[in-house]
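Worksheet for the structure shown next.
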Amino acid sequence: MAEDKTYQEPDIPKAFLKPYNADEHETRIYKLWQESGFFNPDNLPDRHKKPFTIVMPPPNANGNLHVGHALAITLEDIMIRFKRMQGFKTLWVPGADHAGFETQIVYEKKLEKEGRSRFKMDPQDLYKEILAFTLENKGTMEAQVRALGASCDWSREKFTLDPDVVAETHRTFKKMYDDGLVYRGSRIVNWCSKHATSLSDVETESKEKIDPFYYFKYGPFTIGTARPETKFGDKYVVMHPEDTRYAEYKQGQQIELEWINGPITATVIKDEAIDMEFGTGVMTITPWHDAVDFGIAERHKLDREQIIDMRGKLLPIAGEFAGMKITEARPKIVEKLKAKGLLVKVDEKYVHNVPVCYKCETAIEPQILPQWFVKMQPLAEKAIKAVEAGEVVFQPDNYRKIFLYWMNNTLDWNISRQIVWGIPIPAKICDSCSFAEPDLENTLTTCPKCKNMLRADTDTFDTWFSSGQWPLLSLSYSKGADWKSFYPTDVMETGSDLIFKWIPRMVIFGLYLVGKVPFHTVYLHGLVNDASGKKMSKSKGNVINPTDLIVKYGTDALRIGLIVGNTPGTDLSLSENKIKGYKNFGNKLWNITRFVLTSCQGMEKMTLDVPNKDILTDEDKKLISELHALVADATHDIEEYRFYLAAEKIYHYVWHTFADVIIEASKAKIAGADISAKQSCQYTLFYILITCVKLLHPFMPFVTETIWEHLPIADKQLLMIEKWPVLEEGSMK
RNA sequence: GCACCCUUAGCUCAGUUGGUAGAGCAUCUCAUUUACACUGAGAGGGUCGCAGGUUCGAGCCCUGCAGGGUGCACCA
C-alpha cells in the first residue's frame, strides 16, 4: 500500500470520478490481502492473541460451486473478518473434498456419455482417471472461493485424499476395531443396483409410489404383500403374539401348505414387530431383502436365503422366473399364483414410500452383505451427553432437538462402499471363513483361522467416515502441536441438510479420538432456492452459478444480498433484483466517500480516533452518539449470529441516515461561513465514514478495502486488520 | 404415523427479554444539469392463519384447530 500515492494528495482521487466498478478492483485487492500474509494467523500483529477458528466444509472438487457455497463462504468470511478486526488470532482452514461416491457418480455420467462403463474398466485405471478429473476441478473450485473474497489460510489448505489424511483415517479404523467399535458383519444393507454399492441410512431417500397390493392364500392364512417376487423362499409366517385371531397357532408350529413352486413346510413365528392393524395381521418374511424381516430373523435365529442378485435379477430359487428383472417377473408370478388359486384379492392403489438411492432414485434393494460397521450406540451416547451439557450449541437452536432425536435413534453405520473413488479400507478378508481384520502394514497373507489365502478388501470407506474426522484431520492433529491452539474450533458453519449426515459424525469422532467436541457452535444455513422458492436443480434449469452474479454485480453485492433477510436454518429465495439493489448500495458508499473527501479537502491527515469533543458542536456530538448506538447494536447482532439484522441495520443507517439526512444537512455547513461549525462537520463526516466502512467490511470486503486505500489517514494498515469500532471508556455515549 | 419449522403489506421476508406494526422489491405522486450513470422527497397498502387462554398489555407466552414445507420411520 505504501506505493499507492493517491491518498497522500489532497485532491479527490481520480477513482471516485466514475462509479464503483467491482471488476476493476476485486482481483487486485484479493492479491493484496493474500500477499499481506494476514490470512495466516501466524502473521497477524501482536494484538491478535486469542484464537478463533473455523474449518471450512470442504467444497466438492467435482465441478462449479453453487450459490449455496457462496452463502456458506460469505457467512464464514463475515465471522472471520469480524473476529480478525476485533483482535482475534483468526484461522480459517480451507479444503477440497474428493467427495467419494458423489464424484464417482459425476464421473460415471461422463463415462456413460462417452459410451464407456466403470464395470468394464480396471479399477486402478478408473481411480487414476477420476483423480485427474478431480484435481482439475479442484483448481476451478478454489478460484471461485477466492473470487468470493474468502480470507482463509491457503497455506493450510487440506485435500481429503492428502496422504496424512488417508493414514490417519486408517489409524482411526484400526483403533476403533481394537476398541470393539468397528466390526465386520453380514447384515442387511441398502443396495443400489445401478451404482452397485451399498449405502448408509442417510444416503437413501423415500419416494411415494402407488403399487398393487396382493393378498395370497398361504395355508390357513391370508398374507398381504406388495412384493410377490421376493416370496419364493418364504417359509416363516409371522403374527403378533397378542393377536387373538391367531391364538390357536403356536410359536414353532409347522404347517404344510402349497406355495408358488409346490408344497412347502412353513413355521409359525410370533413377533411384536407385526402391526395387527395392517393387512391381515399375518405376513411371511424375506430376511435377505427386507430390514424388518431381517430383524425378526435375527431375533428368532431363522434361515435366510437370497432371492435377488446384486444387479436386480431373480436367482435360481425362483425356478422358471430365474434371471428375470424383478419388475418383469412380478406380474408373471402373480399370474401363476392366480392360476393356482392362491390369489385372494388385489388392492390396485396401495400408496407407500419406498427407499431410493439419493442420487439416481433407483429403488433400494436391501441385501445381506458382509461389510464393516461402526457400532453407533456407545458413541452416540457420548455425543448426546456433550450436547445436553451445552458443549455444542446450535444456531438456530431447534436443530439441537433434531440432533438429539437422530442420535437417540441411530443404527449401526455401514462404512463399506463398493466404489473405487475413496480411501481404501486397509483390511484383509478370508473368503473361506468369516475372518477379517484391519492390516495397516499390509503384512497378513494367510488366514490365522483356516490357513487359506487372505485377500485385500477392495472396498473404500464411506466419505463421511473420513470427513467425520475433518476438524481434526484438517488441523493435522497427528503432526505437531499446532492443532491444539485451534482445537476445539469455534464455529462449524454448514448447510442444514448436513445435520444428520455430517454434524453428528464430527461430534462423535472428536469425542472418541481426543475427548473434546470439535466445535462449540454449529451455524446452519438453509438452502438457497430460486426467486420463486423452488429448489435449484440442473433438470429444472434454474441453477444459478455464483460466478455469473459476480461478473454482473460484483462479489460484494452478491455477498450482502445473500445475507440480508436470511435467517439461519431458513431457506432463502434468491432474486437477482436484490443483488442488483446491493450493487447500487456499493456505489452509494463509493459516492458518499467521494462527497466526504471533497468536503474534507485541504484538511490535515486524519486519525482513526473519535473526534475531540472540544471541537464538536452539540449537534455533531449527538450524531456521533447515534452512530455509536449503531456500532453497539450491530456488534451485538453479529456476536449473536444475527448477520441478517446487522447487515440490514448498517445498510439502512448508511443510506437513509448518513447519506439522506446527515450529508444533506452538512452541505450548508460545509459551504457556510462558520469555520468552527464547518470543522466540526468535517471531522464528524469523516469519522462516520470510516466507522461505516469498518462496519461494512465483513459483509462487503472489496469495496470497503478499496475505499480505505484512498482515505487520507495517518499510519493506516489494511482495513482487514484495522480495529473493529470499539466504544472506549470516556467516548461519547 | 412421528418429529421439526413456517403462516405478518401485492411479492420476499424481518420483528432480539411481551410495551404504539417494519425493511427491501413492486405500485402511485412529485422533484432532479445532483456527492449519486446505480438519485431524492412523499403516499397508499396489514382483522400479524383461525379459535380460546394467561397478562395492565400478546405478532411474540400457553392450549387446540387449519393450511404449507422439511426430515425420519415405515406397514409385509
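Numbers restart at 1 for each chain; the letters A, B, ... are given by sequence-line order, proteins then strands.
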Kindly say whether A:Leu527 contributes a backbone atom to a donor-acceptor pair with the side chain of A:Asp571 at under 3.5 angstrom?
->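 Flag set: sc A:Asp571 to bb A:Leu527 pair under 3.5 Å.
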Side-chain donor/acceptor of A:Arg505 to backbone N/O of A:Lys501, under 3.5 Å |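 Side chain of A:Arg505 to backbone of A:Lys501, a donor-acceptor pair under 3.5 Å: yes, one is there.
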At under 4.0 Å between heavy atoms, what does [X] touch on the DNA or RNA strands: base, sugar-phosphate, or nothing?
X        : result
A:Ser575 : nothing
A:Glu640 : nothing
A:Ile499 : nothing
A:Ile592 : base

So, A:Trp413 versus A:Asp462: side-chain donor-acceptor pair below 3.5 Å or not?
->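 Yes, a side-chain donor-acceptor pair sits under 3.5 Å.
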When you check the side-chain N and O atoms of A:Asp620 and A:Ser680, is any donor under 3.5 Å from an acceptor?
->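 Looking only at side-chain atoms, A:Ser680 and A:Asp620 do form a donor-acceptor pair, the distance falling under 3.5 Å.
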With a 4.0 Å cutoff (strictly under), does any side-chain N or O of [X] reach OP1 or OP2 of [N]?
X        : N      : value
A:Lys501 : B:rG71 : no
A:Lys667 : B:rA35 : yes
A:Asn587 : B:rA37 : yes

Are [X] and [Y] ion-paired here, with the side-chain N under 4.0 Å from a carboxylate O?
X        : Y        : answer
A:Lys18  : A:Glu24  : yes
A:Arg304 : A:Asp293 : no
A:Arg227 : A:Glu365 : yes

Give the rounded distance in Å between these two atoms: [atom1] of [X] and [atom2] of [N].
X        : N      : atom1 : atom2 : answer
A:Leu404 : B:rA3  : CG    : C1'   : 12 Å
A:Arg400 : B:rA3  : CZ    : P     : 18 Å
A:Asp211 : B:rC74 : CG    : P     : 17 Å

Among [options], find the nucleotide with the atom closest to the side chain of [X].
X        : options                : result
A:Val292 : B:rC72, B:rA35, B:rC74 : B:rC74
A:Asn584 : B:rC75, B:rC38, B:rU16 : B:rC38
A:Asn353 : B:rA35, B:rC74, B:rU16 : B:rC74

Taking the cut-offs as 6.0 angstrom to the six-membered ring centre and 45 degrees off its axis, would you call [X] and [Y] a cation-pi pair?
X        : Y        : answer
A:Arg187 : A:Phe373 : yes
A:Lys345 : A:Tyr215 : yes
A:Lys270 : A:Tyr236 : no

[Y] ring center within less than 6.0 Å of [X] ring center:
X        : Y        : result
A:Phe699 : A:Phe643 : no
A:Tyr582 : A:Tyr651 : yes
A:His25  : A:Tyr20  : yes

When rounded to the nearest Å, what value does the distance between [atom1] atoms of [N] and [M] take?
N      : M      : atom1 : answer
B:rC6  : B:rA14 : C1'   : 14 Å
B:rA9  : B:rC5  : C1'   : 23 Å
B:rG59 : B:rU54 : P     : 16 Å
B:rG22 : B:rC50 : C1'   : 24 Å
B:rG44 : B:rG24 : P     : 15 Å
B:rC4  : B:rG40 : P     : 46 Å

What are the residues of residues 650-662 of chain A, sorted by number, that bring a heavy atom to within less than 4.0 Å of RNA chain B?
->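 Contacts with RNA chain B under 4.0 Å: A:His652, A:Trp655, A:His656, A:Ala659, A:Asp660.
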How does each nucleotide of nucleotides 4-15 of chain B score, in 5' to 3' order, for protein heavy atoms under 4.0 Å: base (B), sugar-phosphate only (S), or none (-)?
-> SS------SSSS
Stems involving RNA chain B, each a run of at least 3 consecutive Watson-Crick or G-U pairs under 3.5 Å |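 When the pairs of RNA chain B are grouped into runs of at least three, the stems are B:1-7 with B:66-72, B:10-13 with B:22-25, B:27-31 with B:39-43, B:49-53 with B:61-65.
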